[in-house]
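Right, one structure below, let's go through it.
Every value quoted in this text rests on a predicted model; they were computed, and no experiment measured them.
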Amino acid sequence: QVQLVESGGGLVQAGGSLRLSCAASGLTFSDYAMGWFRQAPGKEREFVAGITRNGESTYRVDSVKSRFTISRDNAKTTAYLQVNSLKPEDTAVYYCAARLRVSTSVRDWYYWGQGTQVTVSS
């Protein structure tokens, strides 16, 4: 059974940083691209960042490109999202997901975690 478990969220002041983790089990981690998404209250879930299976290529939406960094450690079967210079508009539940190739479309992803809340106060 595939499990993706996010952690590292919390309450932080504007300008602060967090490191989100996504621990994967039940799949051959290195066979899957990983993605991070977020969903703010009343909004649709949106793609934030993605990383290829070997970690050589990453993708980020423009709104986070200079502030968020996605990475992975295949030996630890864990993906990460380093989030810096947080803004109140970054407040959302952050989810990780897995599929064979990176896609910016939410519906393309096979496996999902339960999410971790990030709240940024002004």
Side-chain angles (χ1 to χ4, degrees):
Q1 180 181 357
V2 175
Q3 280 196 312
L4 302 178
V5 180
E6 301 96 334
S7 61
L11 173 63
V12 63
Q13 289 188 330
S17 298
L18 290 170
R19 189 192 197 200
L20 308 183
S21 298
C22 172
S25 61
L27 76 172
T28 302
F29 186 71
S30 57
D31 286 348
Y32 288 83
M34 297 299 295
W36 283 96
F37 297 76
R38 66 185 179 185
Q39 187 166 17
K43 295 188 176 181
E44 293 187 352
R45 192 170 300 187
E46 63 175 359
F47 174 83
V48 174
I51 187 167
T52 54
R53 289 174 279 184
N54 58 11
E56 287 188 355
S57 297
T58 62
Y59 307 84
R60 289 166 291 180
V61 296
D62 288 344
S63 60
V64 307
K65 195 163 287 186
S66 62
R67 303 183 294 121
F68 292 10
T69 302
I70 186 171
S71 62
R72 66 189 295 157
D73 185 335
N74 284 352
K76 295 183 178 180
T77 66
T78 301
Y80 304 97
L81 186 69
Q82 179 68 41
V83 296
N84 298 329
S85 302
L86 283 162
K87 305 176 182 180
E89 52 263 43
D90 294 318
T91 294
V93 178
Y94 283 70
Y95 299 88
C96 67
R99 75 183 299 265
L100 293 181
R101 301 180 68 178
V102 175
S103 170
T104 60
S105 175
V106 171
R107 65 172 65 91
D108 285 345
W109 292 77
Y110 311 150
Y111 303 115
W112 291 87
Q114 83 290 345
T116 186
Q117 176 71 47
V118 172
T119 303
V120 185
S121 63
S122 56

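Counting all heavy atoms, side chain and backbone alike, Cys22 lies closest to Leu4 at SG-CB, 4.0 Å. Of all non-hydrogen atoms in Leu18 and Gln82, the two that sit nearest each other are O-NE2, 3.4 Å. Closest non-hydrogen pair, Cys96 versus Glu6, comes out as N-OE2, 2.8 Å. For the pair Ala14 and Ser122, the tightest heavy-atom approach, listed with the atom from each and the gap, is CB-CA, 4.4 Å. Here the closest heavy-atom approach between residue Leu27 and residue Ala24 is recorded as CD2-CB, 3.7 Å.
Atom CZ of Arg38 and atom CD of Glu44 lie 14.0 Å apart (nearest 0.5 Å). Rounded to the nearest 0.5 Å, atoms CH2 (Trp36) and CZ (Arg60) are 15.0 Å apart. Taken to the nearest 0.5 Å, the OG atom of Ser71 stands 11.0 Å off from the CE atom of Met34. To the nearest 0.5 Å, atom OG of residue Ser63 and atom CD of residue Glu89 are 9.0 Å apart. Rounding to the nearest 0.5 Å places OG of Ser85 at 7.0 Å from CZ of Arg67.
No donor-acceptor distance shorter than 3.5 angstrom exists from the side chain of Thr119 to the backbone of Leu11, with no hydrogens or angles considered. One N or O on the side chain of Asn74 and one on the backbone of Arg53 form a donor-acceptor pair closer than 3.5 Å. Between the side chain of Trp109 and the backbone N or O of Ser103, at least one donor-acceptor pair lies under 3.5 Å. Checked by atom type and distance alone, the side chain of Thr78 pairs as donor or acceptor with a backbone atom of Lys76 at under 3.5 Å. Judged by distance alone, with hydrogens and angles left aside, the side-chain atoms of Gln117 form no donor-acceptor pair with the main-chain N or O of Gly10 at under 3.5 Å. Remark: the backbone N or O of Phe29 is not paired with any side-chain donor or acceptor of Thr77 at under 3.5 angstrom.
Using a 4.5 Å cut-off on side-chain heavy atoms (C-beta onward), Leu20 and Thr116 make contact. Two residues are said to be in side-chain contact when any heavy atoms from C-beta on lie closer than 4.5 Å; Tyr110 and Tyr32 meet this criterion. In this structure the side chain of Gln114 reaches within 4.5 angstrom of the side chain of Val5, judged on heavy atoms. At a threshold of 4.5 Å between non-hydrogen side-chain atoms, the residues Glu46 and Thr104 do not count as touching.
Every residue two or more places apart in sequence or in another chain that forms a side-chain hydrogen bond (donor to acceptor under 3.5 Å, both in side chains) with Thr52 is listed here: Asn54.
Ion pairing of Asp108 with Arg101 is absent here, as no side-chain N (NZ or NE/NH1/NH2) approaches a carboxylate O to less than 4.0 Å. A salt bridge links Asp62 to Lys65: one of the charged nitrogens lies within less than 4.0 Å of a carboxylate oxygen.
Pairs engaging residues 51-103 under the ring-ring contact (aromatic ring centres under 6.0 Å, His included) rule: none recorded [sequence neighbours left out].
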